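Here is the structure we will look at.
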Amino acid sequence: MKLKIFLILITLILLISLALPACYFSPENILLLHRESISGKGFHPNYFNYSQSIYTYDKYAYVASFNDNTLSIFDISDYTNPSHISTVEGTGTPDSLSGTYNLNVDGNLVYVTNLITDDIAVFDITDPTEPQLISSSNEIESLEYLGSGQRLYVDGKYAYISTFSNNALSIFDISDPTDPVHISSISAELPPNYLRGSYSTYVDGNYAYVTGYHDDALFLFDIADFVNPVLKGSISGRGTPNYLNGATGIFVSGNFAYITAYHDDALSIFNIRNPESPVHVGSMIGSGSPNYLDGASGVYVNGNYAYVTSYDDDTLSIFYIRNRTKPIHLNSINGITSMD
């Protein structure tokens with residue numbers, strides 16, 4: 001049930017940013033309005049059972065649902081009336097979807113991680129009404145470090161995957177999407193890499209930023225040499241001052257990294273101008289009113305605003321972050337859905 005709310009909240013983030021002009025947002029007039037929802041467990045038509053990830057591209061929303069083993073596509077050109085377009089479902093051959101968890105869209109391709117089979121499936125979505133499987137990494141011999149692939153980030157011809165149970169960051173060459181090639185992985189539960197519970201990855205330039213859920217940390221890797229990623233810096237710590245207990249989502253914008261922490265109920269901001277020595281800048285914490293950060297799980301940044309989803313508060317919150325040392329809570333929308 002809560003994951004369904006999480007899906008709706010993430011959709012609201014994306015639709016708000018797409019539908020409203022930048023000038024609409026100011027600390028004085030922030031207003032969250034629920035426009036529309038689409039829901040339904042399993043089977044035709046919507047396949048939202050244990051929905052885990054959403055990605056919007058052009059006029060479509062792509063949804064991965066863990067229990068339904070599905071990739072579903074929705075037309076959101078009319079955000080007041082989203083409509084189901086197509087679904088790919090099924091474990092094993094021919095669809096290679098088992099525990100569908102995370103996805104990333106790049107042009108006419110969608111990359112999907114599968115938590116149960118620890119692999120990646122690639123679909124051609126040139127015709128969104130009929131997605132076509134073009135490759136699956138479970139066919140690659142001696143594939144390493146894809147255990148519980150949490151988050152997938154596609155940047156150019158490379159895919160970066162944070163793998164929870166392998167405590168790793170894995171890199172794939174996807175220049176030929178029909179034949180993804182594992183290039184390298186960096187993994188360790190102890191020094192020097194501290195990647196226990198590798199959760200989310202964000203890539204910007206020559207650096208990959210990874211959150212470690214069990215290490216309560218942010219890690220910065222130099223990936224200029226894709227074959228040999230190197231840990232350059234990290235910052236960790238439960239509670240004050242860093243608030244990284246159960247680090248989950250990450251978004252990088254300019255010289256700053258924004259991180260949610262599930263157990264610290266926090267959104268924290270770090271200056272990453274010097275990758276070897278990230279510095280805590282500011283945090284917003286607190287479950288329930290007024291910040292609604294209980295189980296903070298994901299963050300999206302657009303300009304001077306951070307949009308945060310909180311799993312246990314069932315909430316989407318907006319924070320004004322122009323002054324990063326003192327983020328300001330502007331508004332929230334929350335509530336448990338009554339839908340099936």
Side-chain angles (χ1 to χ4, degrees), residues 52-53 101-104 111 113 115 118 120 144-156 158-172 182-238 242-264 266-280 296-301:
Q52 279 289 347
S53 180
Y101 198 82
N102 191 232
L103 54 81
N104 197 292
Y111 300 82
T113 59
L115 214 59
D118 299 330
I120 310 168
E144 295 180 290
Y145 301 123
L146 269 174
S148 303
Q150 287 287 130
R151 294 291 185 266
L152 171 73
Y153 193 100
V154 174
D155 183 47
Y158 297 99
Y160 304 82
I161 301 175
S162 46
T163 60
F164 191 83
S165 62
N166 279 138
N167 307 301
L169 168 66
S170 294
I171 304 175
F172 290 81
H182 176 247
I183 297 177
S184 63
S185 294
I186 188 165
S187 173
E189 297 184 27
L190 301 173
N193 297 323
Y194 298 105
L195 273 169
R196 290 190 311 135
S198 174
Y199 200 93
S200 292
T201 299
Y202 196 103
V203 176
D204 186 32
N206 288 329
Y207 287 90
Y209 305 85
V210 184
T211 55
Y213 182 87
H214 291 312
D215 272 327
D216 310 318
L218 163 67
F219 307 99
L220 298 83
F221 292 91
D222 186 333
I223 53 171
D225 179 357
F226 297 99
V227 178
N228 297 297
V230 177
L231 178 67
K232 299 297 288 186
S234 65
I235 189 167
S236 62
R238 298 182 177 187
N242 295 328
Y243 297 102
L244 285 171
N245 188 3
T248 48
I250 180 170
F251 194 100
V252 174
S253 178
N255 292 317
F256 297 91
Y258 303 80
I259 300 175
T260 50
Y262 184 87
H263 296 298
D264 267 333
L267 166 69
S268 292
I269 305 171
F270 298 86
N271 188 320
I272 53 173
R273 180 188 293 272
N274 179 1
E276 296 184 8
S277 183
V279 177
H280 176 265
S297 49
V299 56
Y300 180 89
V301 175

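All values reported here derive from a predicted model rather than from experimental measurement. The first residue of the sequence shown is numbered 1, and numbering continues consecutively from there.
- Without hydrogens or angle criteria, D215 side chain to R196 main chain gives a donor-acceptor distance under 3.5 Å.
- D264 contributes a side-chain N or O that, together with a main-chain N or O of N245, makes up a donor-acceptor pair within less than 3.5 Å.
- Interatomic distance, CG of N255 versus CD1 of I272, reported as 7.0 Å (0.5 Å rounding).
- Between the N206 side chain and the I223 main chain, no donor and acceptor come within less than 3.5 Å of each other.
- To the nearest 0.5 Å, atom NE2 of residue H263 and atom CG of residue L244 are 12.5 Å apart.
- Counting heavy atoms from C-beta outward, Y207 and V252 have side chains that stay 4.5 Å or more apart.
- Between F251 and Y202, the ring-plane angle classifies as tilted under the 30° and 60° cut-offs.
- Looking only at distances, no side-chain donor or acceptor of Y243 sits under 3.5 Å from a matching main-chain atom of A266.
- Between A208 and L169, the shortest heavy-atom distance links the atoms CB-CD2, 4.0 Å.
- Annotation for H214 and G197: closest pair CD2-CA, 3.7 Å, computed over non-hydrogen atoms.
- By the 4.5 Å heavy-atom criterion applied to side chains, L152 and L103 are not counted as neighbours.
- The minimum heavy-atom distance linking L218 with A257 is given by the pair CD2-CB, 4.3 Å.
- The structure places OG of S277 at 9.5 Å from CG of N271, a figure rounded to the nearest 0.5 Å.
- When all heavy atoms of G249 and S200 are compared, the pair lying nearest together is CA-OG, 3.9 Å.
- In this structure, D216 contributes its side chain and G246 its backbone to a donor-acceptor pair below 3.5 Å.
- Looking only at atom types and distance, the side chain of T260 has a donor-acceptor partner in the side chain of T248 under 3.5 Å away.
- Counting all heavy atoms, side chain and backbone alike, P229 lies closest to I186 at O-CD1, 3.4 Å.
- Contact check for Y199 versus S162: no side-chain heavy atoms found under the 4.5 Å cut-off.
- Residue S253 comes nearest to Y258 through the heavy atom pair CB-CE1, 4.1 Å, listed as atom of the first residue, atom of the second, then distance.
- For the pair Y209/Y160, no side-chain contact is recorded, criterion being any heavy-atom separation below 4.5 Å from C-beta on.
- For the pair N242 and F270, the minimum side-chain heavy-atom distance is below 4.5 Å.
- For the atom pair I269 CD1 and H280 NE2, the distance stands at 8.0 Å (nearest 0.5 Å).
- The CD1 atom of I120 lies 11.0 Å from the CG atom of N104; values are rounded to the nearest 0.5 Å.
- At least one donor-acceptor pair under 3.5 Å links the side chain of S198 to the backbone N or O of A168.
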Quick one: do Y158 and I183 satisfy side-chain contact (heavy atoms from CB on, under 4.5 Å)? Show the steps, please.
CA-CA 9 Å; Y158 297 99; I183 297 177; 3.3 Å; yes
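- Rounded to the nearest 0.5 angstrom, S170 OG and I161 CD1 are separated by 6.5 Å.
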